[in-house]
Amino acid sequence: MRAVFPEGFLWGVATASYQIEGADFEDGKGPSIWTDFSHRPGKVNSGDNGDVACDHYHRFSEDIELMKQLGVNSYRFSISWSRVLPEGRGKINRKGSDFYNKLIDRLLEVGIQPMVTLYHWDLPLELHRKIDGWESRDMRHYFGDYSSLVFSEFGDRVKHWITLNEPYCSSHVSYLWGEHAPGKRDLKTSLTVAHNLLLSHGEAVRRFREVVKDGTIGLANVSTFVEPATDSKEDRWAARIRDQFINGWFFETPITGEYPSELFKRFNDAGVQPLIEDGDMDLISTPFDFWGVNYYTRNVIRKEESSILGSEVVQGELAKTEMGWEVYPEGLEAFLYKTFKEYGKKPIYITENGMACKDKLTDGFVEDFERVDYMKRHFSSALSALKAGVDLRGFYVWSLLDNFEWSYGYSKRFGLVYVDYEKGLKRIPKRSYYYYRDFLERD
Ligand SMILES: OC[C@@H]1[C@@H](O)[C@H](O)[C@@H](O)c2nc(CNc3ccccc3)cn21
């Protein structure tokens with residue numbers, strides 16, 4: 001089926017620094033908010049943390065060889081801010097930047113194009129402790145300085161960049177529900193954080209234009225397809241508001257320079273809206289080049305007036321992954337079409353798509369047929385979106401390796417490659433790895 005995708009389409013795999021690198025205290029790296037959070041009792045399943053993770057920091061050559069054998073032509077990864085700037089600002093840590101230089105050079109040697117995420121949740125702990133991290137408006141300056149530094153260091157070889165991975169998670173999962181670092185639980189704070197993240201996104205895009213003249217930069221968002229539980233007016237309205245909260249807040253605002261109006265009014269009436277200063281919305285809507293769509297599932301929504309969103313998520317009836325997320329590839333096509341039609345007709349990369357399975361080693365192998373089926377159905381959905389006119393440029397499977405799944409620790413496996421945490425982090429390609437390899441090989 002690969003041959004029906006456009007020439008130059010990027011087929012890749014995606015990872016993130018804190019989830020795979022390990023070496024969390026090595027070679028001058030500074031702690032991140034996840035270093036702190038994962039070491040707090042009760043925050044992460046089984047007390048797991050990213051101190052070692054998949055030890056990618058030391059084993060990156062082996063992992064690149066796995067990508068080469070897989071046949072991908074691109075690899076999406078994130079830079080650990082506190083590995084290159086241990087305190088988030090000030091002097092560069094050359095051992096940290098050397099790691100990424102070696103990683104990028106090796107990828108290019110084997111014909112794999114890097115796509116680099118500037119921020120995938122691992123904020124330098126010093127910035128959190130000294131200036132309250134993302135709660136501070138000053139973060140746009142520090143994120144801008146960090147961005148300029150890495151653009152200067154790597155922009156000669158890295159031509160595809162993502163400012164933020166899922167500001168929805170860095171704000172609401174982290175500051176409203178408290179499930180991610182730093183584990184706060186306040187809506188007004190989470191909306192302020194979301195605003196500062198979007199300001200920082202805009203600042204990074206402006207810095208990018210100054211440094212990298214021949215590259216492209218985008219924003220990767222949570223992309224959950226939202227549907228009403230019934231066709232009632234109430235549920236349809238509830239789904240509209242919930243869609244603005246999950247998707248529109250981060251897809252519409254950087255395009256229009258305005259927050260989604262119905263939801264903003266709700267927040268304003270409740271006195272929890274973010275403080276917007278002159279110039280903020282211009283900065284947030286600095287033009288960028290592409291959307292990153294992280295699609296996994298849908299949310300079925302019904303009216304529930306007790307919540308400020310006026311809705312609740314209901315359990316759908318479809319088969320679910322180990323994360324409890326419904327398998328709904330139709331939602332991917334619909335979401336891609338909506339994003340392309342309503343949010344600026346920009347090129348789109350599917351920057352994450354994958355599933356957690358109950359992967360078990362049997363005679364030294366993992367027959368993850370469910371993941372193969374999930375991939376087939378989502379590749380097909382992506383092709384349908386392309387045929388419907390969506391300017392889809394690439395597809396990154398989440399993830400190359402089983403890795404640190406945030407508050408779930410190592411209990412959830414998303415990898416095409418099994419990581420044997422009991423036996424020296426041995427990498428064992430699963431059935432899905434070979435399916436993807438054959439898919440990429442075949443015309
Ligand atoms: O959970 C799998 C991955 C995770 O490992 C990545 O670091 C992260 O970018 C990621 N985002 C989603 C989808 N986001 C989401 C957020 C809240 C509720 C449901 C899904 C899944 N994943």
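Start at 1 and go down the list; that is how both ligands and their atoms are numbered. Along the sequence shown, residues carry numbers from 1. Predicted, not measured: the structure shown is a model, and the values here were computed from it.
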Donor on one side chain, acceptor on other, [X] and [Y], under 3.5 Å:
X	Y	result
Tyr57	Asp27	yes
Tyr296	Glu352	yes
Tyr374	Asn353	yes

Do me a favour and list the nearest non-hydrogen protein atom to [atom] with residue, atom name and distance?
atom	value
atom 15 (C) of ligand 1	Val222 CG2, 4.1 Å
atom 10 (C) of ligand 1	Glu352 OE1, 3.2 Å
atom 3 (C) of ligand 1	Tyr296 OH, 3.5 Å

Can you sort out which atoms of ligand 1 are near [X], meaning under 4.0 Å from one of its heavy atoms?
X	value
Cys169	16 (C)
Phe414	1 (O), 2 (C)
Asn165	9 (O)
His120	6 (C), 7 (O), 8 (C), 9 (O)
Glu405	1 (O), 2 (C), 4 (C), 5 (O)

Residue-ligand contact Tyr408/ligand 1, heavy atom below 4.0 Å: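 No, Tyr408 has no heavy atom closer than 4.0 Å to ligand 1.
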Between Arg413 and Ala356 (side chain of the first, backbone of the second, donor and acceptor by atom type, cut-off under 3.5 Å), is there such a pair?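 Flag not set: sc Arg413 to bb Ala356 has no pair under 3.5 Å.
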Do any N or O atoms from the side chain of Asn403 and from the backbone of Leu401 form a donor-acceptor pair under 3.5 angstrom?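 Confirmed, Asn403 side chain pairs with Leu401 backbone.
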Does atom CZ of Phe9 have more than 12 heavy-atom neighbours from other groups under 6.0 Å away?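 Enclosed: over 12 neighbouring heavy atoms sit under 6.0 Å from CZ of Phe9.
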Strictly inside 4.0 angstrom of atom 18 (C) of ligand 1, do you find any protein heavy atom?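 Not a single protein heavy atom is under 4.0 Å away.
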Which of these, Asp122, Asp24, Thr117, sits in a side chain to side chain donor-acceptor pair (under 3.5 Å) with Ser17?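 The residue from Asp122, Asp24, Thr117 that satisfies side chain to side chain donor-acceptor pair (under 3.5 Å) with Ser17 turns out to be Asp122.
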Are Phe225 and Phe335 close enough that their ring centers fall under 6.0 Å?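 So the answer is no for these two rings.
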Among Glu166, His180, Gln19, closest by any non-hydrogen atom to atom 14 (N) of ligand 1: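 The option holding the nearest heavy atom is Glu166.
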Run through Tyr434, Tyr433, Trp11, Phe395 and flag the one making a ring-ring contact (aromatic ring centres under 6.0 Å, His included) with Phe439.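 Testing each of Tyr434, Tyr433, Trp11, Phe395 against Phe439, the sole residue satisfying ring-ring contact (aromatic ring centres under 6.0 Å, His included) is Trp11.
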Tell me the contacting part of Asn403 for ligand 1: side chain, backbone, both, or neither, using a 4.0 Å heavy-atom threshold, strictly below.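 Neither part.
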Considering distance alone, does some N or O of Tyr168 sit under 3.5 Å from an N or O of ligand 1?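 No, Tyr168 has no N/O under 3.5 Å of an N/O on ligand 1.
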